Engineer: 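What follows is a structure written as structure tokens; I'll ask about it next.
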Amino acid sequence: MGRRFRIDWIYTALTISAVLIFAFIYLPMIVVVFYSFSENAVNSFPIESWSTKWYGVLMRDTALIASFKNSLIVAAAGTLIGLLLGIPAAFAVDRFHFPGKALFERLVLLPMILPGIITGVAMMSVFVLAGMNLSLISILLGHGTFLIAIVMTQVYARLKRFNRVIEEASMDLGATRLKTFFFITLPNIRTAIIGASLLSFTLSLDEIAVSYFLTGRDLTLPVQIWAMLRRGITPEVNAISTLIFIFSVVMIVIVTRLTRDKAEA
């Protein structure tokens, strides 16, 4: 009886701790969501009247819209770079043994492990030394460095659980390696690829540390919001933050669902 009581007490304490931690993390964002629908230009509680006018103001804010378009371009192109280089890297690590394989794995994962500020400063120094102007291209290259690692880890984890006997059976039945890849291997790892794509896109869209040091004349959305916050929080910042928050949550839910389906397969 005493042991069961202790287990119940520990379970209750862990549940309360988890609720408090999630409240500490997400309550500020929920407050921002409420502020985005406040008619008052000053953030204050209680909210006297509700309105969606700040979303209209957001749509007329050319600087925010332009920075959002820049972020979409960088995120889409960075995700493509991550897929084009991360998938072959995952296959190389999973299927081949070559000198320096362990070092290669660590080098690829290094941009994801290192703090973004270090990566940003290092890449800015290299670009300046090479005489390259800071622009969206430099931001894209900076994002690509850690997106490759993200795609590689996701696809590699799926390949480790993939039953290669299916590939051998396909080739024994006369299929070429190319047909085996497109009709056997690719369908079995597609959820990992889709999940890695969505995760890469979301992380690139929200990334600020690397972008801050590699930004030139054209700003991405996080850098633009950071510049606006120096003058104080404006209602349209609450509106764009709410939209990005909702988009990120949707992407995370999709990635989680795909990852769960992949694990159950």
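What you see is a predicted model, and the numbers here were worked out from it, not measured in a lab. By convention here, the first residue in the shown sequence is residue 1. Hydrogens, waters and symmetry mates are skipped; everything else that's a heavy atom, side chains included, is used.
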Engineer: With a 4.5 Å cut-off on side-chain heavy atoms, are Val151 and Ile87 touching?
Structural biologist: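 Touching, per the 4.5 Å side-chain cut-off.
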Engineer: So which pairs with a foot in residues 67-95 pass salt bridge (charged side-chain N to carboxylate O under 4.0 Å, His left out), sequence neighbours left out?
Structural biologist: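 Sorted pair list: Arg95-Glu167.
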Engineer: Does the side chain of Leu205 come within less than 4.5 Å of Leu72's, by heavy atoms?
Structural biologist: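 Yes; the side chains approach each other to less than 4.5 Å.
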Engineer: Between atom CD of Gln154 and atom OG1 of Thr191, what is the distance when rounded to the nearest 0.5 Å?
Structural biologist: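 That separation rounds to 10.0 Å.
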Engineer: Quick check: does any side chain N or O of Ser67 sit under 3.5 Å from a backbone N or O of Gln224, one acting as donor and the other as acceptor?
Structural biologist: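 No, because the side chain of Ser67 does not come within donor-acceptor range (under 3.5 Å) of the backbone of Gln224.
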Engineer: Would you compute the distance between atom CD1 of Ile150 and atom OG1 of Thr145 and round it to the nearest 0.5 angstrom?
Structural biologist: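 Reported to 0.5 Å precision, the distance equals 9.5 Å.
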Engineer: Do Ser241 and Ser36 make a side-chain contact, defined as non-hydrogen atoms from C-beta onward lying under 4.5 Å apart?
Structural biologist: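 No; the side chains remain at least 4.5 Å from each other.
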Engineer: Decide yes or no for His143 and Thr220: does some side-chain heavy atom of the first lie under 4.5 Å from some side-chain heavy atom of the second?
Structural biologist: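 SC-SC contact between His143 and Thr220 ruled out.
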Engineer: Short question: side chain of Ser138, backbone of Leu214 - any donor-acceptor pair under 3.5 Å?
Structural biologist: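 Here the side-chain-to-backbone pair exists.
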Engineer: Counting only heavy atoms not in Ile118 (residues, nucleotides, ligands), do more than 12 fall under 6.0 Å from its CD1?
Structural biologist: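 Counting neighbours around CD1 of Ile118, more than 12 heavy atoms of other residues, nucleotides or ligands fall under 6.0 Å, so yes.
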Engineer: Which side-chain N or O atoms in residues 14-32 pair as donor and acceptor under 3.5 Å with protein atoms at least two apart or in another chain?
Structural biologist:
unit_1	atom_1	unit_2	atom_2	d
Thr15	OG1	Tyr11	O	2.8
Ser17	OG	Ala13	O	2.8

Engineer: Return a table of donor-acceptor pairs under 3.5 angstrom between the side chains of residues 194-201 and protein atoms on other chains or two or more places apart.
Structural biologist:
unit_1	atom_1	unit_2	atom_2	d
Ser197	OG	Ile193	O	2.7
Ser200	OG	Ala196	O	2.7

Engineer: I want to check something: taking the side chain as every heavy atom from C-beta on, are Leu147 and Ile81 in contact at a cut-off of under 4.5 Å?
Structural biologist: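 No. Closest side-chain heavy atoms not under 4.5 Å.
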Engineer: If you define the side chain from C-beta out and look only at heavy atoms, does anything of Ile189 sit under 4.5 Å from Phe91?
Structural biologist: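 When only atoms from C-beta onward are counted, Phe91 and Ile189 do touch, with a gap below 4.5 Å.
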Engineer: Ring-plane angle category for Phe37 and Tyr55, please: parallel below 30°, perpendicular beyond 60°, tilted otherwise.
Structural biologist: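 Tilted.
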Engineer: When you compare the side chain of Val74 with that of Ser204, does any pair of heavy atoms fall below 4.5 Å?
Structural biologist: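 Yes, their side chains come closer than 4.5 Å.
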Engineer: Measuring only between side-chain heavy atoms, which start at C-beta, is Lys160 closer than 4.5 Å to Tyr156?
Structural biologist: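 Contact flag for Lys160/Tyr156 side chains = yes.
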Engineer: Would you say Arg158's side chain and Asn188's backbone share a donor-acceptor pair under 3.5 angstrom?
Structural biologist: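 It does hold such a pair.
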Engineer: Between OG of Ser170 and CZ of Phe181, what distance do you get to the nearest 0.5 Å?
Structural biologist: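 Reported value, rounded in 0.5 Å steps: 13.0 Å.
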Engineer: Ignoring hydrogens, what is the shortest heavy-atom contact between Leu140 and Gly78? Give both atom names and the distance.
Structural biologist: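 Leu140 and Gly78 have their closest heavy atoms at CD1-N, 3.2 Å.
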Engineer: To the nearest 0.5 Å, what is the distance between CG (Leu58) and CZ (Phe68)?
Structural biologist: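 Answer for the CG-CZ pair, Leu58 versus Phe68, is 9.0 Å.
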